[in-house]
Structure formats: C-alpha cells, structure tokens
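Below is one structure; the comments refer to it alone.
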Amino acid sequence: SAAELPTALAHDIATRLQAAIQDRGRALLVVSGGKSPIALFEALRVHDIDWSKVIITLVDERCVPNTHPDSNAHLVKQHLLQDAAHAATLVPMVSETIDVSNATQQAAWASMQLETAGSADVLVLGMGADGHTASLFPDAPNLAQALDLHNTQGCVGINLAHPPANAPYPRVTQTLANLLTAKHIVLPISGDDKRNTLQRAWSHVQDALPVSHVLHQTLTPVAVWIAT
C-alpha cells in the first residue's frame, strides 16, 4: 500500500547501504527531489547504520542556491539528514561560487563532483505523470544529448521552454549514461496517473516517456516498487 511502501523501501535501501559499507568502507546514495520521496526519507533516516560512512547526492537539481526552499539539496537536509542520518555527508550539485542560474556551468561543476563521489550503491529515481525522470523531460531541447548512452558527461544543463509553474528554474540533471552506472536503481510508483504512465512506458522505448529508457536497458537492475 502507499502507506507501507516508504517503510519497506527504506529497509531495503538501508540494508544495501550497510552491505556496501561492510564491503568497502563507504556507501553512496543518490536520491531524487520533489515531494514524493519525503516519506521515504523520513523512514530511512532512523535506520541504525553507520551514516558517517554514507555520502548522499542527487539525480538532479534546480539552479538555485542550496539554501533555497525549492532546492533539492535543501529538501534532503530538511527531511533526510536528520536523526541517525545527520552524520551522512551531502554532496550538492550546485556551486554558489559560480553563476547559480547558469545551467551549463553548473552541470560541468556537478559532473566533477559526481566523478569524485563514484558509482551509486543505490539510486532512487522518481517519475512524473508525463514520464520524466530526474530532469529528463520529454520537451527538453537537449533530451537526445542527455539520453545518449555514449555521452561522457556526468551531467547536462536543462533549460525548459515551459518549465513547471511550481519550479520555473533551469536545472542540472545526471545523464542517462551516468544514472546507469549505479549498482542498483529503485523506482517507487504511487497513484493511478503514474501507474498508467508506467504501463505505457513498459511497452517500448520512446522519447515521449524518458523513463522508458531506464526501464528498457540491461546495464543496471531496476526495482520498481508499486503502491496499490
């Protein structure tokens, strides 16, 4: 159920992070922003693992200061880096020492940050009813570049012609190629509209539903968690 999913998924993620810590002394968790993962964050942050050895970063970010209310980094600090998880280290995707609104420059900086952090042990994606995931939106002008599996950039800047009214900012997003370097991807789905979108994305790869590129690949396991 929608009420049970965050608790069950948090347990699964915590188990995987602890296994990574035991295996090589640290773990990397990559998460999505927005309102959907808040319940997951609040369920995960109380798990008794060695959070001091966990690095957390993002799949995408809005080009705003990290303290801005609409920043994904701010959301993570507010809802995940609390309780036991306060000891984790957050690696932001936006640098406030360069032009915050310049998505191209921010993407280059974020790419260097992610390269230093390494491959994710667990990467939590979200999906919009329009089929976008991370900031890979169907109408992004450089969507083909962002979806190109031969693209060696870790991140690209996204400037939408018609951005969401509740977040009208340029964005930085991990490329599909970089997302798929993760060891394990989870995609939680809740609500009739998103379940319908998921069903359409299962049929075939289509740029109109960017999440379909994640589902129809054989590089990285994807666990889809569906709330009924």
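- Between Tyr169 and His68, the two ring planes are perpendicular [angle over 60°; tilted spans 30° to 60°].
- At a threshold of 4.5 Å between non-hydrogen side-chain atoms, the residues Asp130 and Thr197 do not count as touching.
- Atom CD in Gln174 sits 8.5 Å away from atom CG in Leu58 (nearest 0.5 Å).
- In this structure, CG on Leu176 lies 9.5 Å from CG on Leu143, to the nearest 0.5 angstrom.
- Take Phe41 and apply the ring pair (Phe, Tyr, Trp, His ring centres under 6.0 Å) test, not counting sequence neighbours, and it matches no residue.
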Starting from the C-alpha separation in whole Å, work towards a yes-or-no answer on side chain to side chain donor-acceptor pair (under 3.5 Å) for Thr57 and Gln113. CA-CA 9 Å; Thr57 191; Gln113 297 297 104; over 6 Å; no
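- In this structure, Glu115 places its CD atom where only 12 or fewer heavy-atom neighbours from other residues, nucleotides or ligands lie under 6.0 Å away.
- Screening Asp60, Val172, Thr173 for a side-chain contact (heavy atoms from CB on, under 4.5 Å) with Ile158, the sole residue that qualifies is Thr173.
- The shortest distance between side-chain heavy atoms of Val54 and Arg26 does not fall below 4.5 Å.
- Although no hydrogens or angles enter the test, the distance criterion places a donor-acceptor pair under 3.5 Å between the side chain of Asn151 and the main chain of Gln145.
- There is no side-chain donor-acceptor pair under 3.5 Å between Ser95 and Gln106.
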Applying salt bridge (Lys or Arg N to Asp or Glu O under 4.0 Å) to Arg24 and Asp121, what does each step give before you reach the verdict? CA-CA 11 Å; Arg24 69 176 200 282; Asp121 294 287; 2.7 Å; yes
Under 3.5 Å, which donor-acceptor pairs do the side chains of residues 213-228 form with other protein atoms, sequence neighbours left out?
residue : atom : partner : partner atom : Å
His213  : NE2  : Asp207  : OD1          : 2.7
His216  : NE2  : Ala201  : O            : 2.9
His216  : NE2  : Trp202  : O            : 3.1
Gln217  : OE1  : Leu219  : N            : 2.7
Gln217  : OE1  : Thr220  : N            : 3.0
Gln217  : NE2  : Val214  : O            : 3.0
Gln217  : NE2  : Thr220  : O            : 2.9
Thr220  : OG1  : Leu180  : O            : 2.4
Thr220  : OG1  : Ala182  : O            : 3.3

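- Contacts of Lys53 classified as salt bridge (Lys or Arg N to Asp or Glu O under 4.0 Å), with partners at least two apart in sequence or in another chain: Asp50.
- Within the 4.5 Å cutoff, the side chain of Ser119 has heavy atoms near those of the Lys183 side chain.
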